[in-house]
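What follows is a short report on a single structure.
Counting begins at 1 with the first residue of the sequence. Since the model is a prediction, treat every value here as computed from it, not as a measurement.
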Amino acid sequence: MYSKKFGRFILGFCTRCLTSVVNDTTTSACKHHTQFLERRSQIGFAVVRFRAASKTTVDPNEVKRFQLLANKWWNEQGDFAALHSMNDLRVPFIRDNLLNAHGGRQPGKPLAGLRILDVGCGGGLLTEPLGRLGADVLGIDPVADSIGTAEVHAWHDPDLRGNVRYRANTLEELSEKGGQGAGQFDAVVASEVVEHLADLETFTLCCNQVLKPGGSLFITTINKTQLSYALAIVAAEEVLRIVPSGTHDWDKFVSPVELERLLESNGFHVESIRGMLYNPLSRAWSWTESTSINYALHAVKLEEEPNSDEDDPEDPTVVVAQAKARRWYN
């Protein structure tokens, strides 16, 4: 009930903010709203279509943006404050689903014996708590300075030295044929990452490559709706300044339906999708029935199907072709 009331409150707040600037065309909120409407008319039905595979997950513009923020990851009152508080939801979400799949393990270290890959780990905000739960966690990020920040912060905690490692590279480098990460992980985590990627197709295929059969994929991201545009971009970036301006691109947001179809056409079964809501007044996250803004997803890699003798199962070209052949939609 509280989350619904707050949702109505913040939506009303943002609506008033947008209305108040209609007569002032120089304000950023009005400009963004106009751009949003223009994109909607240009995109049309293409909104629900997937981007073509570019065989890289890295967007150079995103790398430059996060390069400037690399030393700010551990300021709990700064640009990443919302990510710090998101741990109250995402850590239990990951822990509980893994325990359901693998059962309880060492007391106090429930994830002991599990290997987790944290993709786009940044400064290690999620990597560290997963390591404290006993998991062997590898955090990767294309921004070398962010990895440096993560390594320095983890070094000060002796409990993490045997559980947490970092590497400055991309998901596709880790998953490539003969790579050390192929089929090695019990879980892959990509929290607040997919909305910054260059290609979701490549990301999905690479996640499949690095996971063991039956392994879990955890994603938290932002839905692609008019409400998410109003709150995640106009309100969060331009009005409330919860995150730096320019952090998000609405064109890269992905709906739960789109993401589920992409995953299930590339060897995954989606187990659950849950809505998330951020309260900027209390700076706290809560679960909600609505997925119209933020949501968390848990998917499981299916058992691998036998391949024909003519095809190399690890050939990226074959993998992409097989994935596209499995699609039942446009």
Side-chain angles (χ1 to χ4, degrees), residues 57-59 61-63 65-70 72-76 78-94 116-130 137 139-143 146-147 149-150 166 170-171 187-200 203-204 207 216-225 228-229 231-233 235-237 240-256 258-259 263 273-280 283-288 291-299:
T57 61
V58 178
D59 183 332
N61 292 328
E62 298 282 1
V63 171
R65 183 177 298 113
F66 281 97
Q67 183 78 35
L68 300 175
L69 301 170
K72 300 181 179 181
W73 284 103
W74 288 98
N75 179 1
E76 296 187 22
D79 294 329
F80 297 110
L83 289 183
H84 281 273
S85 61
M86 187 184 285
N87 279 354
D88 293 340
L89 290 190
R90 57 185 180 177
V91 173
F93 181 72
I94 296 168
I116 299 177
L117 176 66
D118 185 5
V119 178
C121 66
L125 272 60
L126 182 55
T127 319
E128 289 195 9
L130 294 176
V137 191
I140 62 171
D141 199 288
V143 181
S146 290
I147 290 296
T149 297
Y166 293 102
T170 65
L171 177 60
V188 172
V189 177
S191 185
E192 306 308 293
V193 169
V194 300
E195 65 268 28
H196 301 289
L197 298 179
D199 191 335
L200 285 180
F203 165 79
T204 305
C207 286
S216 290
L217 172 62
F218 297 97
I219 294 173
T220 68
T221 189
I222 308 174
N223 198 348
K224 192 169 188 176
T225 63
S228 71
Y229 181 87
L231 298 185
I233 295 182
E237 296 185 16
L240 301 178
R241 305 288 182 178
I242 297 172
V243 294
S245 179
T247 297
H248 296 115
D249 179 352
W250 188 84
D251 288 334
K252 288 186 175 182
F253 291 0
V254 56
S255 72
E258 181 183 351
L259 186 56
L263 290 170
I273 300 175
R274 301 187 65 182
M276 305 167 68
L277 183 67
Y278 181 68
N279 184 337
R283 296 189 177 184
W285 289 86
S286 61
W287 295 115
T288 177
T291 60
S292 58
I293 308 173
N294 295 80
Y295 63 96
L297 178 148
H298 173 220

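Proximity of Glu195 to Asp249: side-chain heavy atoms (C-beta onward) are nowhere separated by under 4.5 Å. In this structure, the side chains of Phe93 and Thr220 stay at 4.5 Å or more apart for every pair of heavy atoms. Taking the side chain as every heavy atom from C-beta outward, Cys207 and Leu171 approach each other to under 4.5 Å. Residues Leu263 and Leu297 form a side-chain contact, since some pair of their non-hydrogen atoms from C-beta on lies under 4.5 Å apart. With a 4.5 Å cut-off on side-chain heavy atoms, Tyr295 and Arg274 do not count as touching.
Of all heavy-atom pairs between Trp73 and Gly122, the closest is CZ2-CA, 3.4 Å. Closest approach of Asn223 to Thr291, counting heavy atoms only: ND2-O, 2.8 Å. Here the closest non-hydrogen pair linking Ala150 and Gly124 is CB-N, 4.0 Å. Residues Gly139 and Ile147 come closest through the heavy atom pair O-CD1, 4.0 Å. Between Ala70 and Thr149, the shortest heavy-atom distance links the atoms O-OG1, 2.8 Å. Minimum interatomic distance between Tyr278 and Ser85 (heavy atoms only, all atoms of both residues): CE1-OG, 3.7 Å.
Taken from CG in Leu259 to CD1 in Ile219, the straight-line distance is 4.5 Å, to the nearest 0.5 Å. Asn61 contributes atom CG, which lies 13.0 Å from atom NE2 of His196 (distance to the nearest 0.5 angstrom). To the nearest 0.5 Å, atom CG of residue Asn294 and atom CG of residue Leu277 are 8.0 Å apart. Note that CE of Met86 is 10.0 Å distant from CG of Leu126, once rounded to the nearest 0.5 Å. Here the CG-CG distance, from Asp118 to Leu130, works out to 6.5 Å after rounding to the nearest 0.5 Å. Note that OG of Ser286 is 7.0 Å distant from CG of Leu89, once rounded to the nearest 0.5 Å.
Qualifying side-chain hydrogen bond (donor to acceptor under 3.5 Å, both in side chains) partners for Glu76, counting only residues two or more places apart in sequence or in other chains: none. Asn75 meets the side-chain hydrogen bond (donor to acceptor under 3.5 Å, both in side chains) test with no other residue; sequence neighbours excluded. Remark: Glu62 engages Arg65, Lys252 in a salt bridge (charged side-chain N to carboxylate O under 4.0 Å, His left out) (not counting sequence neighbours). Evaluation of the side-chain hydrogen bond (donor to acceptor under 3.5 Å, both in side chains) rule for Arg90 yields Asn87, Ser191 as partners, not counting sequence neighbours. Contacts of Tyr166 classified as ring pair (Phe, Tyr, Trp, His ring centres under 6.0 Å), with partners at least two apart in sequence or in another chain: none. Scanning for ring pair (Phe, Tyr, Trp, His ring centres under 6.0 Å) contacts around His84 gives Trp74, with sequence neighbours left out.
Between the side chains of Ser146 and Asp141, no donor-acceptor pair of N or O atoms lies under 3.5 Å.
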With side-chain contact (heavy atoms from CB on, under 4.5 Å) as the test, would you mind laying out the steps for Leu69 and Phe80 before giving the verdict?
CA-CA 9 Å; Leu69 301 170; Phe80 297 110; 3.9 Å; yes

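Under the 3.5 Å distance criterion, the side-chain polar atoms of Trp285 are matched with a main-chain donor or acceptor of Ala82. At distances below 3.5 Å, at least one donor-acceptor pair connects side-chain atoms of Thr225 with backbone N or O atoms of Ser292.
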